[in-house]
Amino acid sequence: MKLTLQTQLFPDKIHAAPLKATVERFNEAAEWLAGEAFAIKVSNKTELQKTHYALLRERFGLSAQMAVRCIAQVCEAYKRDKTKRPHFRKHAAMPFDPRMMSFKEADRVSLLTLEGRVVVPFVMGKYQAERFTNAKGQADLVLRKDGKWYLLVTVDVAVGAPIPTTDFLGIDLGIANIATDSDGNEHSGRPVERTRRKHNLQRKRLGKRNTRGAKKKLKRVAGKEARFRKHQNHVISKTLVEVAKGTGRGLAVEDLSGIRDRLPAWGKDARNRLSTWSFGQLVAFLSYKATLAGVPLVQVDPRNTSRTCHECGHCCRENRTSQAKFLCVSCGHRANADQNAARNIRAQATRKMALELAGVNSQPESPAL
Ligand SMILES: [Zn+2]
């Protein structure tokens, strides 16, 4: 399984200048070449190389390998959508292959620039270092708007052998808590809630002021918020995968398509919280971490998971008295609404797996649980 590791580079001023000049020249060349390729309708690397390799080197002073990468980059972009001429921003990511970059020990990388090689220190976390030995092939050099440099390295990671399992940890994604599992644990915590509220307030305040400064700040807040969400989603998904693996269970989540329509919004604040949380990202993280750990992940039909009683199976809208509370109108079972849903999700996954093991093809499921 391929993973991308992000490592921050710390070039000093002397090294940052040629790096920046190289990225800019490379993209200038790519931008020009994209126009050429589009004009002659060629998206094949070998063919474009025949006609444009020498020109590229001459006009832009690219090294041999940079020219090869530039041609590949342009062809790849053009192939994605042949109706459009691809464009390359001044600081678009620049690809480096092993002939243009080499790692020196565990904390420095040598990168080819237009002025020769520069050796740049970088910092890796423990998680990255453990996987870094598998680094090979290509990396992307990225210069962010804030002036920070990153190297995105693709690594091949061994995938854990899937654990055969018939039991699951059900996970309900929701409003009050980002994730509630069928063991009754809530994954959200107060710091998340506090930060979310702070961001929402900030956004509201800035939205009222229609100045350029406010708009700029708003953008910065949005970036900060996205990074915070991403980090939290990493933390939550990691915990859930660890719990499932540690107890020999699989993971069960709802099939997310249409989650926004399904969940009723209990007041304005709740709606805000829901729309700003990225459940799609959380499920994507869960999915790749589960694959790495060999934990099976099953997606179940989301219909009725929140309004069906886990005790007696009675399903009706009135069972859900509020966002947080579940009270079965048939048997009187009282529960935390998210936990009740998580248990239904678990039950559905277990049934799905049992049918699969019995060799019954998964039929379109009936809405009733
Ligand atoms: Zn009931």
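Note that ligands are numbered from 1 as they come in the structure, with each ligand's atoms numbered from 1 the same way.
- Distances from the Zn ion (ligand 1) show that Cys331 has an N/O/S atom below 2.8 Å.
- The Zn ion (ligand 1) has no N, O or S atom of His333 closer than 2.8 Å.
- In this structure, Lys41 satisfies the cation-pi test against Phe38, with its NZ or CZ atom closer than 6.0 Å to the six-membered ring centre and inside 45 degrees of the ring normal.
- Atom CZ of Arg99 sits in a sparse spot, with 12 or fewer heavy atoms from other residues, nucleotides or ligands closer than 6.0 Å.
- Between Leu141 and Phe26, every side-chain heavy-atom pair lies at or beyond the 4.5 Å cut-off.
- Between the Zn ion (ligand 1) and Cys309 there is an N/O/S contact shorter than 2.8 Å.
- Annotation for Lys79: atom NZ counts as buried by contact number, over 12 foreign heavy atoms lying within 6.0 Å.
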